[in-house]
Amino acid sequence: MSSNFVLVVSIVGSTYVFLLSLLRLTQDAREPPSIGNAIPFVTPIWTMISKGVHFHRLMRDKYNLPIYTLRLPGPRIYVINSAPLITSVQSKFRALSFTAIEASIAANVIGVSKATNNIIGHDVTKDGSYLMSFPKYVHSALSAGPGLDAMNRRSIQVITQSLDRWAKEGTTTIKLFAWVRHELLLASTEGVYGPKNPFRDPAMEKAWYTFEPSLMMFVLNILPRVFAREAYKAREYMVKIWERYFDEGSYEQGSELIKTRVKINNDFGIPLKETARIELGGSQAILSNTIPATFWMIYHIFSNPVVFKDVKAELYKGVREDEGVCTIDLSYVKSSCPILLSTFKEMMRHNSSSSATRIAMEDHLLDGKYLLKKGSTIMMPAMVQHTDRSIWGDDTQDFNHMRFVRQPGAKRTNPVAFRGFGGGTTLCPGRHFATTEILMFSALMVLRFDLDPADGKWIAPPTAKSPLVNALPVPDNDISTVMRPVSDKVWTVSFSGYDQGMEIVAEDIENATHANGH
Ligand code: HEM
Ligand SMILES: *[C@@H]1O[C@H](CO)[C@@H](O)[C@H](O)[C@H]1NC(C)=O
Ligand SMILES: *[C@@H]1O[C@H](CO)[C@@H](O)[C@H](O)[C@H]1NC(C)=O
């Protein structure tokens with residue numbers, strides 16, 4: 001045996017023993033068990049990188065723990081599998097904070113000044129601070145009521161007008177993702193920003209598509225100015241456009257949402273120049289998940305003939321036809337199409353890649369049992385809940401568009417297990433706006449167009465390159481698709497009494513039950 005070999009073996013051996021004792025010495029017995037320590041500190045990070053979005057599901061299946069620790073170089077990560085523990089984490093929103101994460105992202109991603117960052121990052125877990133107040137400010141603008149209605153109505157008008165133009169084109173070949181992305185970007189931003197919407201300018205749209213895919217470079221702060229040069233330039237270009245939008249008071253013609261976003265900044269003494277930067281975060285919330293959600297919704301409906309047939313039959317029952325003019329009502333689509341809504345929720349269950357994240361602000365004994373150390377990260381991956389057989393049954397890997405349709409007599413699945421919009425204090429406030437827009441867009445597509453893949457077969461694109469910050473993944477490649485209007489009838493959308501909420505997440509269902517006096 002060569003002496004080199006002996007040397008290598010002994011170095012490897014002693015390094016291993018060193019890492020193992022380091023792990024044992026630093027891991028408290030009351031902490032959740034640490035897993036994947038074949039080579040301490042190395043195996044977990046290696047497995048995480050190689051398994052991507054499926055990592056947490058695989059670890060759940062392999063170890064079957066309610067909560068576990070991942071020891072990486074740097075602060076530890078606690079990953080939660082058990083639904084009751086998620087509820088516990090959500091209720092301890094000061095000790096286990098989301099706002100602390102938002103504060104650090106604000107500084108890196110949108111590049112606010114030091115003074116602004118001090119305002120945003122001040123007392124992040126105290127009532128009355130900027131980040132704790134934010135959900136309260138936007139709540140009324142994004143919950144059932146006139147502000148939300150006006151915004152949704154405007155978006156849907158934009159969609160209707162655009163689809164009219166596409167129908168006139170006759171049969172066309174589109175790149176499905178790029179096409180959906182453009183339609184939804186315009187519709188959503190028109191609804192929010194009003195007639196002076198900066199995204200009407202193709203240069204602004206292009207800047208967004210240049211900036212957004214590089215978000216992780218900014219989040220991790222890996223010298224984006226150097227390593228994501230184009231994205232950095234696009235960001236600074238957009239800031240200039242937003243400065244003009246706010247300076248000229250264009251937001252006053254926009255939605256309640258954009259007005260409240262200006263108001264909170266004014267109330268906290270943030271100057272308009274910085275409000276312009278903060279709006280990059282606003283655009284991210286509005287666009288980053290709505291666009292892939294719509295893409296997957298269209299994909300699932302059109303690639304599966306059974307889903308398509310069921311959804312279309314249900315929608316057609318609500319279509320009124322008068323002298324060649326077909327009308328569909330928004331409230332019909334929102335409240336009388338259980339299969340369409342179920343398809344949407346199933347898309348979220350099937351495709352959600354979000355992971356709710358918290359930072360432990362202090363040492364915290366979760367449920368009186370598990371020690372979570374100060375400074376560590378807590379992750380609650382949606383995919384783990386969404387593939388739990390004890391909740392969804394044995395067919396969790398299948399796309400079942402009827403899964404969320406309430407059958408008489410059948411027990412409803414625990415709504416808390418549906419995590420597509422997060423939950424607790426960080427429950428997505430934009431879910432009503434997004435859901436309404438996506439349902440109506442899908443409905444109009446089903447009623448008015450046929451979509452067929454140009455090369456004959458639907459193949460689901462992979463999502464390995466999708467940014468990790470997304471709650472829904474962006475496809476890695478596009479699908480060349482033939483779009484054909486089904487008839488030359490005129491289509492309109494009516495808006496009768498549509499200011500009703502929808503039952504999307506557990507919190508909505510609870511509220512509806514109270515309102516009905518049950
Ligand atoms: C299908 C589309 C959407 C999906 C899947 C989605 C998903 C989510 C998720 C999972 C969270 C929680 C993050 C966490 O707990 O870690 C969240 C938060 C948030 N979402 Fe959405 N979202 C969507 C659309 C929208 C839209 C259209 C808006 C704005 C109009 C919006 C505004 C927000 C805001 C402001 C927060 C942060 C809440 C806070 O600060 O506490 N979202 N979203
Ligand atoms: C989304 O749905 C498609 C089509 O069923 C599937 O191939 C893909 O794996 C899903 N993506 C994720 C991240 O779950
Ligand atoms: C439920 O209703 C209460 C009272 O109307 C409201 O304050 C709360 O924000 C609602 N929750 C959700 C998730 O809509």
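Just follow the structure's listing: the first ligand is 1, and inside any ligand the first atom is 1.
- Counting protein heavy atoms only, atom 31 (C) of ligand 1 is closest to Ala285 O, 3.5 Å.
- Given atom 8 (C) of ligand 2, the protein heavy atom at minimum distance is Asn351 ND2, 3.8 Å.
- In this structure, atom 11 (N) of ligand 2 is in close contact with the protein, since a protein heavy atom lies within 4.0 Å of it.
- Closest to atom 36 (C) of ligand 1, if we only count protein heavy atoms, is Pro429 CD, 3.5 Å.
- Considering both main-chain and side-chain atoms, Thr463 never comes within under 3.5 Å of ligand 2 through any nitrogen or oxygen pair.
- Comparing heavy-atom distances from atom 11 (C) of ligand 1 across Phe134, Phe421, Phe433 singles out Phe421 as nearest.
- The closest protein non-hydrogen atom to atom 13 (C) of ligand 2 is Pro473 CG, 3.7 Å.
- Counting only N and O atoms by type, the side chains of Glu279 and Tyr245 include no donor and acceptor under 3.5 Å apart.
- In terms of protein heavy-atom proximity, atom 15 (O) of ligand 1 is nearest to Thr426 OG1, 2.6 Å.
- Interface atoms of ligand 1 facing Gly422, defined by a heavy-atom separation under 4.0 Å, are 10 (C).
- Close approach of ligand 2 to Ala460 is summarised as follows: ligand atoms under 4.0 Å from at least one heavy atom of the residue are 4 (C), 7 (O).
- A heavy-atom separation below 4.0 Å is found between Thr425 and ligand 1.
- In this structure, atom 4 (C) of ligand 2 lies nearest to the protein heavy atom His300 CE1, 3.5 Å.
- Residue Ser355 has no N or O atom closer than 3.5 Å to an N or O atom of ligand 1.
- Geometrically, ligand 2 and Trp296 share no nitrogen or oxygen pair separated by less than 3.5 Å.
- In terms of protein heavy atoms, atom 22 (N) of ligand 1 is closest to Cys428 SG, 3.1 Å.
- Side-chain contact check for Glu212 and Ser288: at least one donor-acceptor pair (N or O, by modelled atom type) lies under 3.5 Å.
- A donor-acceptor distance shorter than 3.5 angstrom exists from the side chain of Trp296 to the backbone of Pro473, with no hydrogens or angles considered.
- Here is the list of ligand 1 atoms found below 4.0 Å of a heavy atom in Glu102: 39 (C), 40 (O).
- Ligand 1 places these atoms under 4.0 Å from at least one heavy atom of Ala356: 16 (O).
- Near Ala293, meaning under 4.0 Å from any of its heavy atoms, are these atoms of ligand 1: 1 (C).
- The protein non-hydrogen atom at the shortest distance from atom 16 (O) of ligand 1 is Phe98 CE1, 3.3 Å.
- No side-chain N or O of Tyr63 forms a donor-acceptor pair with one of Asn81 less than 3.5 Å apart.
- Of the candidates Thr294, Thr290, Leu142, Asn289, Asn289 brings a heavy atom nearest to atom 4 (C) of ligand 1.
- Side-chain atoms of Asp123 and Tyr130 form no donor-acceptor pair, as typed in the model, at a separation below 3.5 Å.
- Within ligand 1, the atoms closer than 4.0 Å to a non-hydrogen atom of Gly420 are 5 (C), 7 (C), 10 (C), numbered from 1 in the order shown.
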